[in-house]
Amino acid sequence: MDLRLAGHGALVTGSSAGIGAAIAETLAGEGCDVLVHGRDAAAAAAVAEQVAAHGVRAEVVLGDLTEPGVAEQVAVTARDFGARILVNSAGPFAEHDWETSGPADWRAAFEGNVLPTVRVTQTLLPSLRQHGWGRVITIGSRAQRTPPHDTVTYSAARAAVVNMTTSLAHHLAGTGVTANCVSPGIIVTDEERIDGSAGERPGRPGRPEDIAAAVAYLASPLADYVNGIELRVDGGITGSP
């Protein structure tokens with residue numbers, strides 16, 4: 001199926017590895033120009049090379065989104081790149097339970113997963129609204145609904161991401177810009193768990209490409225009438241609300 005993404009531009013934060021890299025390459029495979037973001041120059045350049053192999057424009061922007069002013073600088077670079085699609089994929093995964101987590105752990109979870117998404121989105125949003133078409137896609141987690149005992153700080157931060165995506169969708173109604181969230185379940189890269197709980201497995205572990213396919217649809221013009229949803233891509237592990 002042609003997702004009609006050819007000629008569009010996208011910023012994918014946290015796309016130098018894992019789920020973000022898979023999203024970047026999947027969008028490129030649909031003809032989308034991609035601005036690859038990461039903190040490691042060599043890793044980001046390697047992903048950009050894979051993106052460019054699809055015959056699209058690929059550039060790299062580097063920076064730690066938790067540092068003052070960096071998220072805004074990345075968003076300005078994306079605006080100048082012509083990005084009308086923003087995929088907020090960056091965010092650290094950490095394991096903490098209620099007995100071992102301290103204030104610093106909770107602060108780090110929100111500073112790493114929530115605030116960068118807010119800052120990049122707020123800075124790029126005026127350009128999307130002026131253009132009259134755009135996509136803001138956040139990456140949540142099935143953990144926001146069924147938090148494992150050992151990821152309490154991460155789960156709470158991702159719940160905030162899902163919640164603010166819903167409020168953003170309401171804010172953007174009628175502008176031509178949509179906001180949606182994709183919440184992965186257990187995703188495995190090179191046999192390493194990225195998200196979820198090791199003791200809870202669906203029929204098979206999820207792959208980054210599973211998440212990327214969902215993101216590509218929501219990013220496309222085919223999803224013009226989809227706004228404010230949380231799409232759980234978890235193999236059914238979460239169950240019904």
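All of these numbers come straight from a predicted model, not from anything done at the bench.
Between Ala179 and Ala169, the shortest heavy-atom contact is O-CB, 3.6 Å. When all heavy atoms of Arg158 and Ala90 are compared, the pair lying nearest together is NH2-O, 3.7 Å. When all heavy atoms of Ala109 and Ala157 are compared, the closest pair comes out as O-CB, 3.6 Å. Between Ile187 and Pro184, the shortest heavy-atom contact is CG1-CB, 3.7 Å. A pairwise comparison of heavy atoms in Ala71 and Arg119 identifies CB-CB, 3.6 Å as the closest pair. Here the shortest heavy-atom pairing between Cys181 and Ile139 reads SG-C, 4.3 Å.
For Thr165 and Asn180, the side-chain atoms include no donor-acceptor pair closer than 3.5 Å. If you check the side chains of Thr146 and Arg142, you find a donor sitting under 3.5 Å from an acceptor. Donor-acceptor pairing under 3.5 Å is lacking for the side chains of Thr77 and Asp80. Side-chain atoms of Arg84 and Ser127 form a donor-acceptor pair, as typed in the model, at a separation below 3.5 Å. Checked by atom type, the side-chain pair Glu230/Gln144 shows a donor-acceptor distance below 3.5 Å.
Clustering ILVMFWY residues whenever any of their side-chain heavy atoms sit less than 4.5 angstrom apart, transitively, puts Leu125 in the very cluster that holds Val70. When the side chains of ILVMFWY residues are joined at heavy-atom separations under 4.5 Å, either directly or via intervening members, Leu11 and Ile211 end up in two distinct hydrophobic clusters. Both Val51 and Ile19 belong to a single network of hydrophobic side chains, linked directly or stepwise wherever heavy atoms of I, L, V, M, F, W or Y lie under 4.5 Å apart. Linking ILVMFWY side-chain heavy atoms closer than 4.5 Å, directly or via other members, places Trp133 and Leu222 in a single hydrophobic cluster. If you chain together hydrophobic residues whose side chains sit under 4.5 Å apart, Val76 and Val118 never meet in one group.
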message: If you apply the rule side-chain contact (heavy atoms from CB on, under 4.5 Å), what do you find for Thr121 with Leu86, and how did you get there?
response: CA-CA 8 Å; Thr121 301; Leu86 168 59; 3.6 Å; yes
Worked check of salt bridge (Lys or Arg N to Asp or Glu O under 4.0 Å) between Arg204 and Asp210: CA-CA 12 Å; Arg204 66 163 174 82; Asp210 296 320; 3.0 Å; yes
- prompt: Step by step, would you call Leu115 with Thr66 a side-chain contact (heavy atoms from CB on, under 4.5 Å)?
  reply: CA-CA 8 Å; Leu115 296 184; Thr66 66; over 6 Å; no
task: Would you please test Ser183 and Asp234 for side-chain hydrogen bond (donor to acceptor under 3.5 Å, both in side chains) and show each step?
output: CA-CA 8 Å; Ser183 287; Asp234 62 4; over 6 Å; no
task: List the steps and the verdict of side-chain contact (heavy atoms from CB on, under 4.5 Å) for His54 and Val34.
output: CA-CA 11 Å; His54 291 278; Val34 179; over 6 Å; no
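Inter-residue side-chain proximity for His96 and Asp150 is flagged as unmet; no heavy-atom pair is nearer than 4.5 Å. Using a 4.5 Å heavy-atom cutoff, the side chains of His8 and Asp33 are not in contact. The closest side-chain heavy-atom distance from Arg135 to Val177 is not below 4.5 Å. Side-chain contact check for Tyr217 versus Val182: every heavy-atom pair is 4.5 Å or farther apart. Val60 is not listed as a side-chain neighbour of Val47, based on a closest heavy-atom distance of 4.5 Å or more. The side-chain heavy atoms of Thr117 and Met164, taken from C-beta on, include a pair separated by under 4.5 Å. Within the 4.5 Å cutoff, side-chain heavy atoms of Leu218 are placed close to those of Ile229. In this structure, the side chains of Val87 and Ile85 come closer than 4.5 Å at one or more pairs of heavy atoms.
The local environment of CD in Glu67 is crowded, with over 12 non-hydrogen atoms from other residues, nucleotides or ligands closer than 6.0 Å. Within 6.0 Å of the CZ atom in Arg57, the count of heavy atoms belonging to other residues, nucleotides or ligands exceeds 12.
In this structure, Glu111 CD and Leu65 CG are separated by 13.0 Å, a value rounded to the nearest 0.5 Å. Taking CZ of Arg79 as the start and OG1 of Thr123 as the end, the distance is 9.5 Å to the nearest 0.5 Å. Atom OG1 in Thr151 sits 10.0 Å away from atom CG in Asp97 (nearest 0.5 Å). Here the straight-line distance linking atom CG of Asn88 with atom OG1 of Thr13 works out to 5.0 Å at 0.5 Å rounding. Taken from NE2 in His171 to OG1 in Thr166, the straight-line distance is 14.5 Å, to the nearest 0.5 Å. Here the CD-CG distance, from Glu30 to Leu3, works out to 4.0 Å after rounding to the nearest 0.5 Å.
With Asn113 contributing its side chain and Phe110 its backbone, the two residues share no donor-acceptor pair below 3.5 Å. Proximity of a side-chain donor or acceptor of Ser15 to a complementary backbone N or O of His37 within less than 3.5 Å is detected. Between the side chain of Ser155 and the main chain of Val152, no donor-acceptor pair closer than 3.5 Å is present.
Trp98 and Trp106 have tilted rings, their planes meeting at an angle from 30° to 60° on a 0 to 90° scale.
Listed by chain and number, the residues in a side chain to side chain donor-acceptor pair (under 3.5 Å) with Asp40 amount to none (sequence neighbours excluded).
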